[in-house]
Amino acid sequence: MSERHRVRTTVLIVDDHQLIRYGLRHVFERDAQFRVVGEAATAAEAVRQAGALQPDVIVMDLRLPDGSGLDATRALRRVSATTAIVVLSMYAGDDQLFGALEAGASAFVSKADPADVVVAAARHAASAPSAFTAANLAEAMRRRLAPEGPQLSPRERQVLHMLAEGLSVAGIAARLGTAESTAKTHIGRLYDKLGAANRAQALMTALRLGLLEAPDSDRR
């Protein structure tokens, strides 16, 4: 093996939760390609550490105690076009995805994804830091570019209105006469179409797109 291939990709992990930093460090250190060179718990510390350590890849939490990981990403991108920045988010809706893209991130990954997805995103980002990647990028672009908004099936529209009523998964399943697992599938597909990570995001997006009436709208 040549010396070139023995060079390891250095990683800086940024997250305010020590347990998550520990888990990410463990995941990266199991991969022979990567070497974790530092950790940071705040946006300010991330910028300082990045300047001092010059890592190849920065894994950046979206929400940090002193600000947004996107603000830190913008600050880092202003001084380096070649550092790969992978943004992690607990909420993986379209707004978060496009926020990462517009901030100059190299990749966007949901914290709900398996650990190997984070590593794969870091590997891609290290090889092409300016080529943005995300698991649902094509679908998110389609939703953003479609002027008429997402096309919901009749069943998905039913489920949307039940969510707006505040019904639980069990309540939705009972009203539809299906198993809870089937109701969860309908809800998951609805969330995907709306680019939402949870009920609140789904309802807000549906209101914005005119798929639901505001609670205080005139019904006369």
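Below, all heavy atoms of this structure are taken into account, side chains as well, without hydrogens, waters or symmetry copies.
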Less than 4.5 Å apart, side chain to side chain, heavy atoms only: is that true for Val27 and Asp116?
no
Listed by chain and number, what are the side chain to side chain donor-acceptor pair (under 3.5 Å) partners of Glu45, not counting sequence neighbours?
none
Is a side-chain N or O of His124 found less than 3.5 angstrom from the main chain of Pro129, in a donor-acceptor match?
no
Separation of Arg77 CZ from Ser130 OG (nearest 0.5 Å):
8.0 Å
Could you check if a side-chain atom of Val86 sits within less than 4.5 angstrom of a side-chain atom of Ile58, using non-hydrogen atoms only?
no
Picking from Arg155, Glu156, His161, what satisfies side chain to side chain donor-acceptor pair (under 3.5 Å) with Gln158?
Arg155
Should Leu203 and Val169 be counted in the same cluster of Ile, Leu, Val, Met, Phe, Trp and Tyr side chains packed under 4.5 Å apart?
yes
Under 4.5 Å between side-chain heavy atoms, counting indirect links through other Ile/Leu/Val/Met/Phe/Trp/Tyr residues: same cluster for Ile13 and Tyr22 or not?
no
Test log, rule side chain to side chain contact (heavy atoms under 4.5 Å, CB included), inputs Ser106 and Phe132:
CA-CA 5 Å; Ser106 311; Phe132 183 79; 6.0 Å; no
Co-membership, hydrophobic cluster, residues Leu207 and Leu160, 4.5 Å side-chain
yes
Taking side chain as C-beta onward, heavy atoms only, is Arg123 less than 4.5 Å from Asp31?
yes
Between CZ of Arg208 and CG of Leu194, what distance do you get to the nearest 0.5 Å?
9.0 Å
If the threshold is 4.0 Å, N to carboxylate O, is there a salt bridge linking Asp15 and Lys111?
yes
Looking at side-chain heavy atoms only, is the closest gap between Val59 and Leu12 below 4.5 Å?
no
For Thr182, side chain to side chain donor-acceptor pair (under 3.5 Å) partners two or more places apart:
none
How far apart are the closest heavy atoms of Val87 and Ala105, and which atoms are they?
CG2-CB, 3.6 Å
Nearest 0.5 Å, what's the CG-NE2 distance between Leu163 and His186?
12.0 Å
Any chance you could lay out the side chain to side chain contact (heavy atoms under 4.5 Å, CB included) test for Asp56 and Arg8, step after step, and finish with the verdict?
CA-CA 9 Å; Asp56 299 312; Arg8 299 173 75 185; over 6 Å; no
Is there side-chain contact between Val159 and Leu176, with heavy atoms separated by less than 4.5 Å?
yes
Please tell me if the side chains of Gln49 and Val37 come closer than 4.5 Å, counting only heavy atoms from C-beta onward.
no
Mind checking the OG1-NZ spacing from Thr205 to Lys193? Nearest 0.5 Å is all I need.
14.5 Å
Looking only at heavy atoms, the pair that brings Ala84 and Ala125 closest together is CB-O, 3.3 Å
Look at Arg21 together with Asp16 and state whether they make a salt bridge at an N to O cut-off of under 4.0 Å.
no
Taking a hydrophobic cluster as the set of Ile, Leu, Val, Met, Phe, Trp and Tyr residues connected by side-chain heavy atoms closer than 4.5 Å, whether directly or through intermediates, do Leu211 and Ile187 fall within one such cluster?
yes
Can you list everything that forms a salt bridge (Lys or Arg N to Asp or Glu O under 4.0 Å) with Arg25? Sequence neighbours excluded, please.
Glu29, Glu39
Do Val109 and Val118 come within less than 4.5 Å of each other through their side chains, counting heavy atoms only?
yes
At their closest point, which heavy atom of Ala46 faces which heavy atom of Met60, and how far apart are they?
CB-CE, 4.3 Å
With sequence neighbours excluded, tell me which residues meet salt bridge (Lys or Arg N to Asp or Glu O under 4.0 Å) with Asp94.
Arg143
Side chain to side chain contact (heavy atoms under 4.5 Å, CB included) between Leu62 and Met90, intermediate numbers included:
CA-CA 8 Å; Leu62 183 66; Met90 184 66 71; over 6 Å; no
Just by distance, do the side chain of Thr73 and the backbone of Gly69 share a donor-acceptor pair under 3.5 Å?
yes
If you take all heavy atoms of Ala183 and Thr178, which pair is closest and at what distance?
N-OG1, 4.1 Å
Pairing residues for Asp71 by the salt bridge (Lys or Arg N to Asp or Glu O under 4.0 Å) criterion, not counting sequence neighbours
Arg74
Does any N or O in the side chain of Asp61 come within less than 3.5 Å of the main-chain N or O of Ser89, such that one atom is a donor and the other an acceptor?
no
Using every non-hydrogen atom in the two residues, find where Ala41 and Pro65 come nearest and quote the distance to one decimal.
O-CD, 3.4 Å
From Gln201 atom CD to Tyr191 atom OH, the distance as rounded to the nearest 0.5 Å
9.0 Å
Would you name the heavy atoms of Ala126 and Val57 that are closest together and state the gap between them?
CB-CG2, 3.8 Å
Start with the C-alpha gap between Leu76 and Thr83, add the side-chain angles, then the distance that decides, and say whether side chain to side chain contact (heavy atoms under 4.5 Å, CB included) holds.
CA-CA 8 Å; Leu76 292 165; Thr83 302; over 6 Å; no
List for me each residue that meets side chain to side chain donor-acceptor pair (under 3.5 Å) alongside Lys184, sequence neighbours excluded, and say none if there are none.
none
Check whether Thr185 reaches the backbone of Ser181 with its side chain - one donor and one acceptor, N or O, closer than 3.5 Å.
yes
Value for CD1 (Ile85) from OG (Ser80), rounded to nearest 0.5 Å, stands at 7.5 Å
Heavy-atom count check: over 12 atoms from other residues, nucleotides or ligands less than 6.0 Å from Arg63 CZ?
no
Hey, does Arg35 have a side-chain heavy atom less than 4.5 Å from the side chain of Val11?
no
Are more than 12 heavy atoms, taken from residues, nucleotides or ligands other than Gln18, located less than 6.0 Å from that residue's CD atom?
no
What about Leu88 and Val117, same hydrophobic cluster or not, with Ile/Leu/Val/Met/Phe/Trp/Tyr joined at side-chain heavy-atom distances under 4.5 Å?
yes
